[in-house]
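I'd like to ask some things about the structure below.
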Amino acid sequence: MVGNYYLCFSGKKTWSKSFVWARYLAQENAVEAPARFFKNPFPTVKNMFRVGMKCEGIDPNHQSKFCVLTVAQVCGYRVRLHFDGYSECYDFWTDIDSPYIFPVGFCEKHGKTLQPPKHVLPENFSWVTYLKITKTSPAPKSMFSNQPAVVS
């Protein structure tokens, strides 16, 4: 894979211009995982997410928390999501059909507690107000195609 990407260690951002899988695998004395190990290794669905769109999602490092997220980068079938109010070192990449990202309003509709952006009290958070203040738009509900019928 060739492209720009972030590496974050101890809160410091480091840029790398390219990444070469063959070199990495040789350096690590490793072999690549076969495509058959992946659910959809070569997706063909068009990624309609755009930088700045808002959504809700489960924090991959604290899976009991639903958080306010912003699309920070789009690359092929994946998006880099940013936790609003936090350092970009906490950003994470996910597939656009992830069952762990949701449209704005999902938590309210399903009785889940939404963690608002840092420095915003939960009782003061409103999506309508937040979208106006940040001059942003929610990702359309139609873009969340891989949602479970019920989340427990």
Side-chain angles (χ1 to χ4, degrees), residues 1-21 24 33 35 37-152:
M1 176 179 182
V2 177
N4 294 333
Y5 59 93
Y6 287 113
L7 298 174
C8 290
F9 301 100
S10 305
K12 295 180 182 176
K13 180 172 57 173
T14 304
W15 274 101
S16 178
K17 287 287 184 188
S18 65
F19 178 83
V20 179
W21 270 108
Y24 174 77
F37 286 9
F38 302 93
K39 174 180 76 169
N40 189 4
F42 305 105
T44 57
V45 175
K46 184 166 173 56
N47 187 345
M48 301 302 289
F49 282 90
R50 297 293 171 253
V51 171
M53 287 180 167
K54 302 288 186 187
C55 61
E56 299 176 5
I58 296 175
D59 181 341
N61 293 320
H62 303 95
Q63 295 182 2
S64 63
K65 292 187 178 193
F66 289 80
C67 302
V68 173
L69 301 169
T70 299
V71 175
Q73 191 173 351
V74 177
C75 185
Y77 190 66
R78 297 176 61 77
V79 290
R80 181 168 57 94
L81 297 174
H82 175 76
F83 294 98
D84 284 25
Y86 292 86
S87 166
E88 64 191 14
C89 278
Y90 298 109
D91 291 4
F92 66 99
W93 286 93
T94 192
D95 291 344
I96 62 170
D97 67 349
S98 169
Y100 305 111
I101 58 173
F102 311 95
V104 163
F106 176 89
C107 288
E108 184 177 12
K109 180 178 179 182
H110 294 279
K112 303 295 179 190
T113 301
L114 180 66
Q115 301 294 315
K118 193 174 185 179
H119 305 302
V120 177
L121 297 173
E123 58 271 15
N124 294 339
F125 182 77
S126 154
W127 268 116
V128 172
T129 304
Y130 188 64
L131 292 170
K132 282 182 186 175
I133 290 171
T134 58
K135 297 179 182 169
T136 56
S137 300
K141 290 181 182 175
S142 61
M143 294 168 57
F144 298 87
S145 60
N146 194 21
Q147 296 305 303
V150 177
V151 175
S152 53

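What you are looking at is a predicted structure, and each value in this text was computed from that prediction instead of being measured. Residues take their numbers from the sequence shown, with the count starting at 1.
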*For the atom pair CG (L69) and OG1 (T94), what is the distance rounded to the nearest 0.5 Å?*
10.0 Å

*asked:* As an exercise, state the distance from CZ of F144 to SG of C55, rounded to the nearest 0.5 Å.
replied: 4.5 Å

*Report the C-alpha distance between V71 and L81 in whole Å, list the side-chain angles of each, state the deciding distance to 0.1 Å, and finish with yes or no for side-chain contact (heavy atoms from CB on, under 4.5 Å).*
CA-CA 5 Å; V71 175; L81 297 174; 3.9 Å; yes

*Please report the C-alpha distance between M143 and M53 in whole Å, then the side-chain angles of each, then the deciding distance to 0.1 Å, and finally whether the side-chain contact (heavy atoms from CB on, under 4.5 Å) criterion is met.*
CA-CA 11 Å; M143 294 168 57; M53 287 180 167; 3.9 Å; yes

*State whether the number of non-hydrogen atoms from other residues, nucleotides or ligands found under 6.0 Å of Y24 atom OH is greater than 12.*
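It does not: Y24 OH has 12 such atoms or fewer within range.
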
_Note, S87 side chain near Y90 side chain (heavy atom, < 4.5 Å)_ = yes

_Within this structure, what is the SG-NE2 distance for the pair C89 and H82, rounded to the nearest 0.5 Å?_
10.5 Å

*Supply the atom-to-atom distance I101 CD1 to C67 SG, rounded to the nearest 0.5 angstrom.*
13.5 Å

_For V68 against P117, the heavy-atom pair lying closest together_ =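 Looking at all heavy atoms of both residues, the closest pair is CG2-CD, 3.9 Å.
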
*Return the minimal non-hydrogen interatomic distance between F37 and A33, and the atom names on each side.*
CD2-CB, 4.1 Å

*Ring centroid separation for F49 and Y77, is it under 6.0 angstrom?*
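No, too far apart.
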
*Which pair of non-hydrogen atoms, one from T136 and one from K54, has the smallest distance, and what is that distance?*
OG1-CE, 3.2 Å

*asked:* Which heavy atom of I96 sits nearest to which heavy atom of N47, and what is that distance?
replied: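 Between these two residues, the closest heavy atoms are CG2-ND2, 3.3 Å.
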
*Mind jotting down which residue pairs meet the salt bridge (Lys or Arg N to Asp or Glu O under 4.0 Å) criterion with at least one end in residues 57-79? Sequence neighbours excluded, please.*
R78-D95

*What's the spacing between F106 CZ and F66 CZ if we round to 0.5 Å?*
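Interatomic distance, F106 CZ to F66 CZ, rounded to 0.5 Å: 5.5 Å.
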
*So which heavy atom on S137 is nearest to which on L131, and how close?*
C-CD2, 4.1 Å

*Who passes ring pair (Phe, Tyr, Trp, His ring centres under 6.0 Å) against Y86, sequence neighbours left out?*
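Partners of Y86 under the ring pair (Phe, Tyr, Trp, His ring centres under 6.0 Å) test: none.
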
*Is there a donor-acceptor pair closer than 3.5 Å between any side-chain N or O of E56 and the backbone N or O of C107?*
yes

*If you look at every heavy atom in F83 and D91, which pair is closest and at what distance?*
N-OD1, 4.1 Å

*Going from CG on D84 to OH on Y130, what distance comes out if it is rounded to the nearest 0.5 angstrom?*
3.0 Å

